[in-house]
Amino acid sequence: MDKLLIEGGRPLSGEVAISGAKNAALPLLCAALLTKEPLTLTNVPALNDIGTMLRLLEQMGVKVEKVGAGGTAAAGSAASTDTVVLDASGLDNPVAPYELVKTMRASVLVLGPLVARAGEAKVSLPGGCAIGARPVDQHIKGLTAMGAEVSVEHGYVHAKALGEKGRLKGARLFTDMVTVTGTENLMMAACLADGETVIENAAREPEVVDLANCLVAMGAQISGAGTDVIRIRGVERLHGATHRIMPDRIETGTYLCAAAAAGGQIRLTRTSSAYLDAVIDKLMDAGCDIGIERDAITLKAPARPTAVSIRTSPYPAFPTDMQAQFMALNTVADGTAVIRETIFENRFMHAVELIRLGADIKIDGNTAFVTGKPKLDGATVMATDLRASASLVIAGLVAQGETLIERIYHLDRGYENLEQKLAALGAKVSRVK
Ligand code: UD1
């Protein structure tokens, strides 16, 4: 298994381009299931999670053509690619098997589109993951309200639309908590349902809006995306479209956090500050100088960051996907930060690894108390999930000496060309096979 070797203690400086958003790309790939016509997506990041989703779609009968800078690449590979053309005219197997779903929870995003288009679906339950139980009861509750018969047998969700000609019916939906993929699944399903669907307590995440924009380009009738009430008037069919995926706000935030912690000055291009208010606010509180351009962000780090407390909440509040990176930043900040995780019940696994690097962190339930130290010391640590891994990279960049991060396959799921991008910022990082 690959490891990442970081020689820390060097400030970052330089410029990198941000990739398309993983969490926007995954539902957008699934949107292709809703139509017989080709859907073309551009700015698709080359990530393992994207490769997994493409394999999942291919085994359902979707034709996938990847067009990279150097021409067409093999489907399912994570080779550098930018444009993906998906043709679901031959959809013939509405099944998502355990082998693929277990590696990526977002596979559940095929459920809504499959029931809407094929009238039925069989999707493996994602099961637990490192950061918590993460059930899909809200996805099931919504589809049931839309007239699907849903049962869970042998670890699989079986859903069948009982309406006329296997069509879902519009309904008034309310989710018990704000769920991002739940909102996306139900919004996609509602596009082809008979009548109007209203999703209340909808997620307001920018990725939901990106998906809605693409669905509207495909002929869907959606209003209210980006607010907590989304209305969808079902249509009989959707058509093909071309859509550019939004920049990855979490990748952007991760590099900003890295520079804030390691010191130096960086410029991130092909991104936007529009979806990062909560993160940028905290970086400014930490003492960073932030410059906003139309599609770029610059950051100049202070000599030493000031501790910043955070509380994760659904968008537009501080994102749980940036919690681990801010914990890493606080390990070397001046003062004590209180970090409260309210979305996932077990999302502090990076803390014990950061402690191995010399950090002072105390955990009490969903709250972490981080007292900054002037320095960390390199050590061997283990990545446990995607964003936890990112926090270890940041800590490794700050720590004196060498840090070896094991199990970096988590990073390959969500950060495109991580080593190359860090090297462009002057970091000493190498992949050890
Ligand atoms: C998405 C993001 C993930 C991010 C998370 C929260 C994608 C592909 N992933 O994950 O990166 O960390 O939003 O911003 O976009 N819940 C239930 N029942 C359900 C659904 C959710 O109890 O049916 C709970 C979850 O366990 C969690 C909370 O609701 O505690 C929010 O989860 P949710 O927004 O659904 O996360 P994901 O959509 O899986």
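Both ligands and their constituent atoms are indexed starting at 1 by order of listing. Computed over heavy atoms, backbone and side chain alike; hydrogens, waters and symmetry mates excluded.
- The two residues A359 and T331 have their closest heavy-atom pair at CB-CG2, 3.5 Å.
- For R407 and D385, the salt-bridge test fails: no basic side-chain N is under 4.0 Å from an acidic carboxylate O.
- Of the polar atoms of Q138, at least one N or O is found under 3.5 Å from an N or O of ligand 1, judged by distance alone.
- Ligand 1 has at least one atom lying under 4.0 Å from a heavy atom of R347.
- A salt bridge is defined here as a Lys NZ or Arg NE, NH1 or NH2 lying under 4.0 Å from an Asp or Glu carboxylate O, and E341 with R311 fails to meet this definition.
- For the residue pair P45 and G20, the shortest heavy atom distance occurs at CG-O, 3.3 Å.
- Legend: side-chain hydrogen bond (donor to acceptor under 3.5 Å, both in side chains) pairs involving residues 272-285, not counting sequence neighbours: none detected.
- Between P135 and ligand 1, at least one pair of N/O atoms sits closer than 3.5 Å.
- Checked for salt-bridge contact, K3 and E406 meet the test: a charged N lies under 4.0 Å from a carboxylate O.
- Residue V178 places a heavy atom less than 4.0 Å from ligand 1.
- Contacts between T179 and ligand 1 below 4.0 angstrom, taking non-hydrogen atoms only, involve backbone and side chain alike.
- Of all atoms in ligand 1, listed by their number and element, those nearer than 4.0 Å to a heavy atom of T320 are 6 (C), 12 (O), 14 (O).
- Counting heavy atoms only, D321 comes closest to atom 4 (C) of ligand 1 of the residues T342, V108, D321.
- Ligand-side atoms of ligand 1 in range of V136: 19 (C), 23 (O), range being under 4.0 angstrom from any heavy atom.
- We find that D49 and R413 are joined by a salt bridge, their nearest charged nitrogen and carboxylate oxygen being less than 4.0 Å apart.
- The shortest separation from a heavy atom of M177 to ligand 1 is under 4.0 Å, placing the residue in contact.
- Sorted pairs that involve residues 213-230 and meet side-chain hydrogen bond (donor to acceptor under 3.5 Å, both in side chains), not counting sequence neighbours, are lacking altogether.
- Within the 4.0 Å heavy-atom cutoff, G182 does not count among the residues contacting ligand 1.
- Each of T312, T384, D321 was checked for a side-chain hydrogen bond (donor to acceptor under 3.5 Å, both in side chains) with R347, and the lone residue meeting it is D321.
- Considering backbone and side-chain atoms together, L26 places no N or O closer than 3.5 Å to any N or O of ligand 1.
- Between E205 and ligand 1, not a single N/O pair is under 3.5 Å apart.
- Taking a cutoff of 4.0 Å between a charged side-chain nitrogen and a carboxylate oxygen, K141 and D176 qualify as a salt bridge.
- Per-residue contacts place H139 under 4.0 angstrom from the following atoms of ligand 1 (heavy atoms of the residue considered): 23 (O).
- Those atoms of ligand 1 that come under 4.0 Å of a heavy atom in I343, given as number and element, are 27 (C), 30 (O), 31 (C).
- Heavy-atom contacts of R105 reach the following atoms of ligand 1: 39 (O) (cutoff under 4.0 Å).
- For ligand 1, none of its N or O atoms has an N or O atom of E184 under 3.5 Å away.
- Contacts between K22 and ligand 1 below 4.0 angstrom, taking non-hydrogen atoms only, are absent altogether.
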